[in-house]
Amino acid sequence: MNLTDTMEYINSMPRFIEKPVLEVMKTVLCTLDNPQDKLKFIHVAGTNGKGSACAYISSIAKCAGLTVGKFTSPYVVDFRERFQINDRMISKSDLCEITTQVKSILDELGEDYLLPQFALITVIGFLYFLKNNCDVVVLEVGLGGRTDPTNIIKNPLCSVIMQIGLDHTDRLGDNVGQIAFEKGGIIKPNGKTVLYPIQKEQTVNVIRSMSIQSN
């Protein structure tokens, strides 16, 4: 596919699907030899400040001499901003090549394994960062955390949760406690979690409880 075909294909994907997206992703990624399991991540969730946190963390890691992948959303000018390595966007040729690879797998698996758009983009990102041997990937959550496509990863180096407020209440819940539970879904057993310090008491209590339960 050329760039026009690639973007038309990506934009043709639905925003949401009825099936649990993480279950569908497991099959798709297994077919692709689980690229996410061969990468190291810093996983970033929250309502406010995710983009800034990703930029700071990526810059620090780059200054330390690492090859740093950064997966963020949304983009400002160019769709390719979503996938960066050491602050350089994915090339048009890489985006087309990797998207074509994923499309081929999805076509083989059939319509039961249709991915929503953000999940498709996440899979493309995993393949791109692995292809370029990234030392670490700073991975920004798309929506919430617990059921977000990025939460397919197993053991991040660190889970970072920025300031939590009311956002996407139609999907995440209508109060801060429920939303904190969804965002805190990126906390992994025996993992490290960093919580942005300016939070409502209810948020802190929820994240603390989830952290204790995971250890």
Side-chain angles (χ1 to χ4, degrees), residues 1-45 54 69-75 79-85 89-134 136-157 159 168 171-172 182-183 185-189 191:
M1 294 191 293
N2 60 29
L3 186 61
T4 300
D5 295 333
T6 295
M7 292 311 306
E8 286 181 354
Y9 176 70
I10 291 172
N11 290 326
S12 73
M13 294 297 104
R15 189 173 180 192
F16 300 107
I17 60 174
E18 295 300 321
K19 292 184 178 181
V21 66
L22 293 176
E23 291 303 313
V24 178
M25 285 186 74
K26 282 180 183 178
T27 299
V28 174
L29 287 166
C30 182
T31 306
L32 290 163
D33 199 24
N34 289 310
Q36 77 282 3
D37 292 344
K38 301 166 187 174
L39 293 163
K40 296 179 180 178
F41 296 96
I42 296 175
H43 204 186
V44 183
C54 289
K70 183 170 65 174
F71 179 81
T72 58
S73 61
Y75 61 92
F79 173 83
R80 294 181 295 128
E81 294 169 26
R82 290 177 178 267
F83 321 90
Q84 297 186 32
I85 296 177
M89 294 188 298
I90 187 172
S91 68
K92 294 176 182 179
S93 60
D94 273 345
L95 178 59
C96 294
E97 177 185 327
I98 295 171
T99 304
T100 300
Q101 178 186 1
V102 178
K103 181 180 183 300
S104 176
I105 293 297
L106 294 179
D107 288 346
E108 287 180 16
L109 290 172
E111 61 182 21
D112 286 344
Y113 294 93
L114 176 72
L115 288 177
Q117 185 180 111
F118 187 73
L120 170 65
I121 293 167
T122 302
V123 172
I124 292 169
F126 291 154
L127 290 168
Y128 175 60
F129 298 131
L130 181 62
K131 176 182 177 181
N132 287 275
N133 300 310
C134 288
V136 64
V137 175
V138 182
L139 187 69
E140 182 181 346
V141 168
L143 175 63
R146 183 176 61 89
T147 61
D148 186 74
T150 62
N151 208 30
I152 197 75
I153 66 172
K154 293 178 180 176
N155 298 301
L157 299 174
S159 299
H168 298 287
R171 292 264 168 189
L172 304 180
E182 294 298 326
K183 309 277 189 188
I186 69 168
I187 297 171
K188 297 296 192 298

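Applying the side-chain hydrogen bond (donor to acceptor under 3.5 Å, both in side chains) definition to pairs two or more places apart or across chains, those involving residues 118-133 are D94-K131. Sorted by first and then second residue, the salt bridge (charged side-chain N to carboxylate O under 4.0 Å, His left out) pairs with a member in residues 113-122 form an empty list; sequence neighbours excluded.
Within 6.0 Å of atom NZ in K92, 12 or fewer heavy atoms from other residues, nucleotides or ligands are found, so the atom counts as exposed in its surroundings. Around the NZ atom of K188, the shell of radius 6.0 Å holds more than 12 heavy atoms that belong to other residues, nucleotides or ligands.
In terms of the ring pair (Phe, Tyr, Trp, His ring centres under 6.0 Å) criterion, residue partners of F79 (sequence neighbours excluded) are, by chain and number, Y75, F83. Residues passing the side chain to side chain donor-acceptor pair (under 3.5 Å) test with K183, sequence neighbours excluded: D167. Take F126 and apply the ring pair (Phe, Tyr, Trp, His ring centres under 6.0 Å) test, not counting sequence neighbours, and it matches F41. When the salt bridge (charged side-chain N to carboxylate O under 4.0 Å, His left out) test is applied to E23, the partners found at least two apart in sequence or on another chain are K26. Every residue two or more places apart in sequence or in another chain was checked for a salt bridge (charged side-chain N to carboxylate O under 4.0 Å, His left out) with E8, and none qualifies. Applying the side-chain contact (heavy atoms from CB on, under 4.5 Å) rule to C54 yields the partners V44, K70, T72, V138, E140; only residues at least two apart in sequence or on another chain are considered. Applying the salt bridge (charged side-chain N to carboxylate O under 4.0 Å, His left out) rule to R80 yields the partners D78; only residues at least two apart in sequence or on another chain are considered. By the side-chain contact (heavy atoms from CB on, under 4.5 Å) test, D148 is found to be paired with F118, V141, L143, T150, residues two or more places apart in sequence or in another chain being considered. Evaluation of the side chain to side chain donor-acceptor pair (under 3.5 Å) rule for T4 yields no partner, not counting sequence neighbours. The side-chain contact (heavy atoms from CB on, under 4.5 Å) test applied to D107 returns K103, not counting sequence neighbours.
Of all heavy-atom pairs spanning L172 and G144, the tightest one is CD2-CA, 3.7 Å. Among all heavy-atom pairs drawn from Y9 and T99, the shortest one is CD2-CG2, 3.8 Å. Here the shortest heavy-atom pairing between S73 and G142 reads OG-CA, 4.3 Å. Contact record, K38 with L130: CB-CD1, 3.8 Å, taken as the closest heavy-atom pair. Here the closest non-hydrogen pair linking L115 and M13 is O-SD, 3.4 Å. Taking all atoms of both residues into account, the shortest heavy-atom contact from I153 to H43 is CD1-ND1, 3.7 Å.
Note that CG of L114 and CG of L109 are 11.0 Å apart. Values are rounded to the nearest 0.5 Å. Taking OH of Y113 as the start and CE of M25 as the end, the distance is 14.5 Å to the nearest 0.5 Å. One finds the CG atom of N151 at 10.5 Å from the CD1 atom of I187 (value rounded to the nearest 0.5 Å). Interatomic distance, L39 CG to L157 CG, rounded to the nearest 0.5 Å: 10.5 Å. Summarising the geometry, atom CD1 belonging to I98 is positioned 8.0 Å from atom OG belonging to S91; distances are rounded to the nearest 0.5 Å. Rounding to the nearest 0.5 angstrom, the gap separating the CD1 atom in I124 from the OG1 atom in T6 is 8.0 Å.
A donor-acceptor pair is defined here as one N or O able to donate and one able to accept, closer than 3.5 Å; such a pair exists between the side chain of T100 and the backbone of C96.
The shortest side-chain heavy-atom distance between L120 and L106 falls under the 4.5 Å cut-off. With a 4.5 Å cut-off on side-chain heavy atoms, E81 and M89 count as touching. Looking only at side-chain heavy atoms (C-beta outward), L29 and P35 come within less than 4.5 Å of each other.
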